[in-house]
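Order of the sequence lines fixes the chain letters, A, B, ..., with proteins taken first and strands second; residue numbering starts at 1 for each chain.
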2 protein chains.
Amino acid sequence: MTSDVPPKRSRAENVYQALRDAILEQNLKPGTKLSEDIIAGEFKVSRTSVRAALQQLRGDGLVDHQANRGAFVAEPSAENARDIFSLRRMLESEVIRRLAGNLKPDDVKRLRKHVEQEERAQPVNGPLSIRLAGEFHILLAELTGSQVLTRFVSETVSRSSLILARFARLHSSECAVDEHVRIIAALQAGDASAAEALMLHHLESVAVRADLRAPNSDGDTAAILKRYARALPT
Amino acid sequence: MTSDVPPKRSRAENVYQALRDAILEQNLKPGTKLSEDIIAGEFKVSRTSVRAALQQLRGDGLVDHQANRGAFVAEPSAENARDIFSLRRMLESEVIRRLAGNLKPDDVKRLRKHVEQEERAQPVNGPLSIRLAGEFHILLAELTGSQVLTRFVSETVSRSSLILARFARLHSSECAVDEHVRIIAALQAGDASAAEALMLHHLESVAVRADLRAPNSDGDTAAILKRYARALPT
DNA sequence: CATACAATGATTGTGTACAATAATGTACAC
DNA sequence: GTGTACATTATTGTACACAATCATTGTATG
């Protein structure tokens, strides 16, 4: 440790982290309105800081910003979802190829540590484990040493969380941890193609949880109401 | 045309566009300090808007933001440069594969139009042609219809401009337009592998212009000073 | 009854003032 | 003469107040 002094994050950054976590843990669901006033009041900071945080989230594609209307947690379309999963396959395959056989002892240690965290969070099967599952993939990308690749993986993984929040039938991620373990093993063994196959299978099992034909609940309020409309007397 | 009413861009967005163009046209060189006050004065807007623009640029990786110090045009390291070119090869190969044989007539029209612009700007061989050359690649990505892929290509291409500004021996992009034309032809012919080869060759010829061993002028001030330090009497 | 229009309300966009922080210049002690 | 501590200055970080904008609602009219 190099005398870990917390780098004194700005308030905007704190708000950003908090909101991001909330979104990734699916406590803020797609479509939720993120009012600057309300958030500012809740976090006891000025709207200025909240604005900065929201803009950054917009940059990550996690929130949509409508002019003079406000910010909302992004609602990826089905098409968008397919797009993102497709890119994820490409990006994470690359990660695996770069990592296979090149994991340093320290890397393995970090991965194992993370998986342990996942296992501890598992019984809860709640928000935390959802976020950790995603962060495993980001950690893998980090280990490649490529900042840009990490960035791209991070973005696609984050948005995958949104997609699952919107489309997933049931968000049990039981199998995930197991698959993570096996991926680590394959990487350590230097078996590139096996690792890649595992990863692709893993991603497939994530994607398959999403039924892209029907969004979960509050897709369009209008769409929901339409389903109830016929119950009314004509 | 669908009655092109300019969508009334916010001031922050205007500043963002202007700064981005200036950076991509290499009029603002890597390392340049972007003082909020000065920019605000120059654009006749408040620092608030400038701040928003700078933050967005930071999101694009075009500026580095140091806490309480200010924003600077990013100075990609040699390592970073290799990283980005590597990712570019991957991303743009994907673009080509998706596009080959799938170009709609309208798409071809847009591409030709863009190339014409490039040709007109060519004699100048100045800032504009540099930016247009990059935007050709972004346009290709757009035609895939994948928002995320477009975003990633856009980011890597933009940062490539920065890299060339920092490392390129001479920034003559004479050959580029020719190569762009040939890529279009191959795509239209549906010859995927030829198109991909052309693109990779094209990217290679861009990358080779950069001598990653020696940054153009103001690299790390510290690094430069170190080279001069031994000239001093001990 | 549907449609067009005007008033209203709420929310974001922008500017300005102040606080916090880091870099720089200066004086002093050794 | 050199190094350190302190004061100064410049720049960013934050808060707040006001203006602009859009959505909504209510009202009148065909």
Pairing donors with acceptors under 3.5 angstrom, does anything connect the side chains of A:Arg98 and B:Ser86? yes

Rounded off to whole Å, could you give me the CZ-to-C1' distance for the A:Phe43 and D:dG13 pair? 18 Å

Can you tell which of D:dA23, C:dG13, D:dG13 lies closest to the side chain of A:Ser10? D:dG13

Could you tell me the separation between the CZ atom of B:Arg69 and the P atom of D:dG13, rounded to a whole number of Å? 11 Å

Using the ring of each side chain (for Trp, its six-membered ring), is B:Phe136 parallel, tilted or perpendicular to B:His180, with breaks at 30° and 60°? parallel

Any strand, both distances under 3.5 Å, Watson-Crick or G-U wobble: C:dA29 pairs with D:dT2

Does a salt bridge link A:Arg58 with A:Asp64, judged by any charged N lying under 4.0 Å from a carboxylate O? no

Expressed as a whole number of angstroms, how long is the span from B:Phe72:CZ to D:dT11:C1'? 10 Å

Just by protein heavy atoms under 4.0 Å, how would nucleotides 5-10 of chain C read 5' to 3' in B, S and -? ------

Do the side chains of B:Arg159 and B:Asn80 get nearer than 4.5 Å, heavy atoms only? yes

Provide, to the nearest angstrom, the distance between the CD atom belonging to B:Gln55 and the C1' atom belonging to C:dT14. 16 Å

Any residue in residues 46-54 of chain B with a heavy atom nearer than 4.0 angstrom to DNA chain C? Just list them by number, or reply none. B:Ser46, B:Thr48, B:Ser49

Out of C:dT14, C:dA22, C:dT12, whichever nucleotide has its closest atom nearest the side chain of A:Glu36: C:dT12

Just call it for B:Lys44: base, sugar-phosphate, or nothing, with non-hydrogen atoms closer than 4.0 Å on any strand. nothing

Could you state the atom-to-atom distance from CZ of A:Arg9 to C1' of D:dT14 in whole Å? 17 Å

Assuming nearest nucleotide by heavy-atom distance, tell me which of A:Val45 and A:Ala67 is located more 5' along DNA chain D. A:Val45

So do A:Leu19 and A:Leu62 actually touch side chain to side chain, heavy atoms under 4.5 Å? no

Between B:Arg20 and B:Asp60, does any NZ, NE, NH1 or NH2 come within less than 4.0 Å of an OD or OE carboxylate oxygen? yes

Is atom CD of B:Gln17 surrounded by more than 12 heavy atoms (other residues, nucleotides or ligands) closer than 6.0 Å? yes

How close or far is atom P of D:dT24 from atom CD of A:Gln66, stated in whole angstroms? 11 Å

Could you verify whether a donor N or O on one side chain and an acceptor N or O on the other, from A:Ser160 and A:Arg88, lie under 3.5 Å apart? yes

In whole Å, I'd like the distance from the CG atom of A:Asn68 to the P atom of D:dT21. 8 Å

Short side-chain to backbone donor-acceptor contact, A:Arg166 and A:Pro30, under 3.5 Å: no

Nearest-Å distance for atom pair CG/P, residues B:Asp37 and D:dG13: 12 Å

